[in-house]
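Encoded as structure tokens, the structure appears first; notes follow it.
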Amino acid sequence: MRRMTDQPARWTQATVYPDMWADPDDDPRNSEGPSPDGELATLQDFLTNYRMTLRMKCEGLDAEQLARRSVPPSTMSLLGLVRHLAEVERDWRNWITDGDPLPKLYGERDADFDGAVAEQAVVDAAYADLEREQAATDAALAAHPDLGERLGKDGIAVRELMVHRIEEYARHCGHADLLRECVDGRVGQ
């Protein structure tokens, strides 16, 4: 177990607001102009920003750092979060279909975290899986712009699924904050 003195020093790249991840001019989540119009556009904007936040928390780290399990005995790592969210995106499509469920990407329960090992090929595959699964879920939901429409065997409302997606990314971005700080000391929202 590491001693507190072995922890990296806390730091941020931001100079304008020291509690931020990046300065406003360098933060791709900052958009000038009016906020999105309408409920669907607002939900999509929040989802996009949380997805971007997760990627930002992983930027600049090598395979070992991404796979590092920073809070023992947890199996959680930044790479594991990327793999987990790819798995979750796939599973959400199972919620909205009446057909047979898609198979799991990584196998048995917790394989998304357990298989998050410090190999560049695993990192590259995880990002490719996440992008593919996000795009597939986005495309599946684009066919249902009515947020009140109920889909799948359980009749889940599109609105509920969108809010759940945002909640899932937001919760895991909170984990990513702590994991990244443990890896190299970088902080910021």
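When a residue number appears, it is its place in the shown sequence, counting from 1. Because the structure is predicted, anything quoted here is derived from the model rather than measured.
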Counting only pairs under 3.5 Å, give me each side-chain donor-acceptor contact of residues 96-105, with atom names and distances, residues two or more places apart or in other chains.
{"from": "Thr97", "atom 1": "OG1", "to": "Gly99", "atom 2": "N", "distance (Å)": "3.0"}
{"from": "Asp98", "atom 1": "OD1", "to": "Lys153", "atom 2": "N", "distance (Å)": "3.4"}

Ignoring hydrogens and angles, write down the donor-acceptor pairs under 3.5 Å from the side chains of residues 115-127, residues two or more places apart or on other chains.
{"from": "Gln120", "atom 1": "NE2", "to": "Asp124", "atom 2": "OD1", "distance (Å)": "2.8"}

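- Grouping the Ile, Leu, Val, Met, Phe, Trp and Tyr side chains by contacts below 4.5 angstrom, directly or via other members, places Leu151 with Val163.
- Residues Leu61 and Trp21 fall into different hydrophobic clusters, defined by Ile, Leu, Val, Met, Phe, Trp and Tyr side chains chained together at heavy-atom separations under 4.5 Å.
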Item to complete: Start with the C-alpha gap between Asp154 and Trp95, add the side-chain angles, then the distance that decides, and say whether side-chain contact (heavy atoms from CB on, under 4.5 Å) holds.
Response: CA-CA 7 Å; Asp154 296 326; Trp95 294 13; over 6 Å; no
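- Remark: His144 engages no residue in a ring-ring contact (aromatic ring centres under 6.0 Å, His included) (not counting sequence neighbours).
- The line from CG of Asn49 to CG of Leu54 is 13.0 Å long, rounded to the nearest 0.5 Å.
- With sequence neighbours excluded, the residues that form a side-chain contact (heavy atoms from CB on, under 4.5 Å) with Thr48 are Met52.
- A donor-acceptor pair under 3.5 Å links the side-chain atoms of Asp62 to the main chain of Gln65, judged by distance alone.
- Summarising the geometry of Gln134 relative to Glu89, their closest heavy-atom pair is CG-OE2, 3.6 Å, with the distance given to 0.1 Å.
- With sequence neighbours left out, Glu160 forms a salt bridge (charged side-chain N to carboxylate O under 4.0 Å, His left out) with no residue at all.
- Considering every non-hydrogen atom in both Pro18 and Thr12, the closest pair reads O-CG2, 3.4 Å.
- In terms of hydrophobic clustering, with Ile, Leu, Val, Met, Phe, Trp and Tyr side chains grouped at heavy-atom distances under 4.5 Å, Leu47 and Val88 are assigned to a common cluster.
- For Arg150 (side chain) and Ile156 (main-chain N/O), no donor-acceptor pair under 3.5 Å exists by modelled atom type.
- For residues 129-140, the pairs satisfying salt bridge (charged side-chain N to carboxylate O under 4.0 Å, His left out) are Arg51-Asp138, Arg55-Glu131, Arg90-Glu133, Arg93-Glu133, Asp129-Arg132, Asp138-Arg165, with sequence neighbours left out.
- Other cluster members for Val16: Tyr17, Met20, joined by side-chain heavy-atom distances under 4.5 Å among Ile, Leu, Val, Met, Phe, Trp and Tyr.
- Looking at residues two or more places apart in sequence or on another chain, you find a side-chain contact (heavy atoms from CB on, under 4.5 Å) between Thr42 and Pro36, Phe46.
- For the atom pair His175 NE2 and Ser74 OG, the distance stands at 8.0 Å (nearest 0.5 Å).
- Taking CG of Asp45 as the start and CZ of Arg29 as the end, the distance is 12.0 Å to the nearest 0.5 Å.
- Partners of Glu64 under the salt bridge (charged side-chain N to carboxylate O under 4.0 Å, His left out) rule, at least two apart in sequence or in another chain, are Arg68.
- With sequence neighbours excluded, no residue satisfies salt bridge (charged side-chain N to carboxylate O under 4.0 Å, His left out) with Arg186.
- In terms of the side-chain contact (heavy atoms from CB on, under 4.5 Å) criterion, residue partners of Leu147 (sequence neighbours excluded) are, by chain and number, Glu39, Leu40, Leu43, Val158, Arg159, Met162.
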Which pairs of donor and acceptor atoms, one on a side chain in residues 76-84, lie under 3.5 Å apart (sequence neighbours left out)?
{"from": "Ser77", "atom 1": "OG", "to": "Gly80", "atom 2": "N", "distance (Å)": "2.9"}
{"from": "Arg83", "atom 1": "NE", "to": "Asp112", "atom 2": "O", "distance (Å)": "2.7"}
{"from": "Arg83", "atom 1": "NH2", "to": "Ala111", "atom 2": "O", "distance (Å)": "3.0"}
{"from": "His84", "atom 1": "ND1", "to": "Asp112", "atom 2": "OD2", "distance (Å)": "2.9"}
{"from": "His84", "atom 1": "NE2", "to": "Glu168", "atom 2": "OE2", "distance (Å)": "3.1"}
{"from": "His84", "atom 1": "NE2", "to": "His172", "atom 2": "NE2", "distance (Å)": "3.3"}

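- To the nearest 0.5 Å, the span separating CG on Leu85 from CG on Asp91 amounts to 12.0 Å.
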Worksheet entry | Worked verdict on Val187 versus Asp177 for side-chain contact (heavy atoms from CB on, under 4.5 Å) | CA-CA 7 Å; Val187 297; Asp177 286 341; over 6 Å; no
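- Within 6.0 Å of the CG atom in Asp146, the count of heavy atoms belonging to other residues, nucleotides or ligands exceeds 12.
- Counting heavy atoms of neighbouring residues, nucleotides and ligands inside a 6.0 Å radius, atom CZ of Arg10 does not exceed 12 of them.
- Rounding to the nearest 0.5 Å places OH of Tyr50 at 12.5 Å from CZ of Arg171.
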